[in-house]
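Data first, discussion second: the structure below is written as structure tokens.
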Amino acid sequence: MPSGESGRLSGRPRAAMDVLAELDVLQDTLRKDLAHIGEQDFKGHCGRCKEPIIGNTATTYTQDGIQHIFHQTCFTCELCSVRIDDKAFYLHEGRHICSGCYTKKVLGHCDLCKEPFTETSLIKAGGRQFHPHCFKCNNCKTQLVATYLEKDGDFLCKACYETMHLPLCSGCSTRIMPDENTGTIVAIEWKEHKYHQACFACKNCAKPFTDLKAVAHNNNLYCKECFEDEATANA
């Protein structure tokens with residue numbers, strides 16, 4: 001007896017109309033079966049050709065508590081037409097698919113190593129798909145397990161993304177991170193340097209430079225008044 005495994009890879013719940021359609025088919029099948037109830041060795045109607053099955057020529061499997069029955073010659077892969085018989089198969093989008101076709105034609109191959117998927121464990125990202133062990137940071141080659149960021153078609157770990165694409169604050173020497181709510185990087189640019197808003201302030205009085213009028217001295221920023229005091233003190 002073959003085993004049916006669900007191939008609904010999208011994971012979406014079945015729509016009510018899908019369930020009603022299946023119930024209509026089941027009701028029609030039962031009605032046909034009752035018409036042959038007195039016939040010896042009658043097994044049911046084939047789920048593929050819809051003709052009655054007489055004798056020991058049936059193949060069955062059960063899914064969601066419902067038994068499905070076919071002529072052995074009718075129970076074939078719907079992609080390559082090979083007989084499934086008692087082999088494992090997948091039920092993908094309502095179609096019976098042999099394991100070979102499911103691997104090669106449904107799952108496809110990894111976009112990095114180009115090898116086919118041998119199981120349903122795969123990662124889809126940016127319109128591509130990968131073996132879990134092939135899904136790595138394009139820069140440091142660390143395997144990406146949970147969190148990754150995409151930039152210009154590259155998949156990067158958080159550390160590499162920050163180093164490669166986030167500006168460095170000239171005040172505190174740390175990366176200027178995107179806003180948690182908007183994802184926008186908010187930075188103040190001053191004479192080819194970038195600062196956090198909180199870092200763009202006078203070293204002595206901590207007054208922010210709202211008018212961008214800062215004075216640079218010994219790698220520090222001062223407002224005009226504090227700079228003059230500093231210059232006077234060091235005179």
Do Lys194 and Cys169 have side-chain heavy atoms sitting under 4.5 Å apart? no

Hey, are the side chains of His68 and Thr62 touching, using non-hydrogen atoms and a 4.5 Å cut-off? no

Within this structure, what is the CG-NZ distance for the pair Leu221 and Lys207, rounded to the nearest 0.5 Å? 14.5 Å

Heavy-atom distance under 4.5 Å between the side chains of Ile69 and Lys43, does that happen here? yes

Angle between ring planes, Phe200 versus Trp190, binned at 30° and 60°: parallel, tilted or perpendicular? tilted

Can you give me every donor-acceptor pair (side chain of residues 149-162, partner residue at least two apart or in another chain, under 3.5 Å) with its distance?
from, atom 1, to, atom 2, distance (Å)
Lys158, NZ, Glu162, OE2, 2.5

Quick one: OG on Ser99 to CG on Leu107, what's the gap to the nearest 0.5 Å? 11.0 Å

Give a yes-or-no answer on whether the side chains of Thr76 and Arg48 include a donor-acceptor pair shorter than 3.5 Å. yes

Do the side chains of Met177 and Leu166 get nearer than 4.5 Å, heavy atoms only? yes

For the residue pair His217 and Phe227, categorise the inter-ring angle as parallel (less than 30°), tilted (30 to 60°) or perpendicular (more than 60°). perpendicular

Same cluster or not: are Ile123 and Val106 linked, directly or through other Ile, Leu, Val, Met, Phe, Trp or Tyr residues, by side-chain heavy atoms under 4.5 angstrom apart? no

Thr103: side chain to side chain contact (heavy atoms under 4.5 Å, CB included) partners, not counting sequence neighbours: Pro116

Run the side-chain contact (heavy atoms from CB on, under 4.5 Å) check on His196 and Cys172 step by step: do they pass? CA-CA 8 Å; His196 292 105; Cys172 65; 3.4 Å; yes

Check Glu78 against Gly94 and note the closest heavy-atom contact, atom names and distance. OE2-O, 4.3 Å

Val186 to Ile176 - nearest heavy-atom pair and separation: O-CG2, 3.6 Å

Is it the case that more than 12 heavy atoms not belonging to Asn219 sit under 6.0 Å from its CG atom? no

Would you name the heavy atoms of Thr57 and Ile54 that are closest together and state the gap between them? OG1-O, 3.4 Å

Is there a donor-acceptor pair under 3.5 Å between the side chain of Asp85 and the backbone N or O of Lys87? no

Can you find a pair of side-chain heavy atoms, one from Cys223 and one from Phe209, that are under 4.5 Å apart? yes

Would you please classify the geometry between the Phe89 ring and the His96 ring as parallel, tilted or perpendicular, with 30° and 60° separating the classes? tilted

In terms of hydrophobic clusters joined by side-chain contacts under 4.5 Å, are Phe135 and Phe117 together? no

Could you check whether any side-chain heavy atom of Phe130 comes within less than 4.5 Å of a side-chain heavy atom of Asp111, counting everything from C-beta outward? yes

Take His109 and Glu115 through the side-chain contact (heavy atoms from CB on, under 4.5 Å) test and state the conclusion after the steps. CA-CA 5 Å; His109 63 269; Glu115 292 296 320; over 6 Å; no

Can you name the nearest heavy-atom pair linking Cys199 to Gly171, along with the distance? CB-CA, 4.4 Å

Tell me, do Leu168 and Thr174 make a side-chain contact under 4.5 Å, heavy atoms counted? no

Answer yes if Leu144 and Leu112 sit in the same cluster of Ile, Leu, Val, Met, Phe, Trp and Tyr residues linked by side chain heavy atoms under 4.5 Å apart, and no otherwise. yes

Residues in side chain to side chain contact (heavy atoms under 4.5 Å, CB included) with Asn220, at least two apart? Lys203, Tyr222

What heavy-atom pair brings Gln72 and Ala58 nearest, and what distance separates the two atoms? NE2-O, 3.6 Å

Would you compute the distance between atom OG1 of Thr60 and atom CZ of Phe75 and round it to the nearest 0.5 angstrom? 9.0 Å

Atom CZ in Arg95, atom SG in Cys101: separation rounded to 0.5 Å? 10.0 Å

Would you say CG of Asp41 has more than 12 non-hydrogen atoms from neighbouring residues, nucleotides or ligands within 6.0 angstrom? yes

Can you tell me how far CZ of Arg83 sits from OG1 of Thr59, rounded to the nearest 0.5 angstrom? 7.0 Å

For the NE2 atom of His71 and the NE2 atom of His45, what is their distance to the nearest 0.5 Å? 9.0 Å

Would a 4.5 Å heavy-atom cut-off, applied to side chains only, mark Val215 and Cys226 as touching? no

Please check if the side chain of Gln197 supplies one atom and the backbone of Ala187 the other of a donor-acceptor pair under 3.5 Å. no

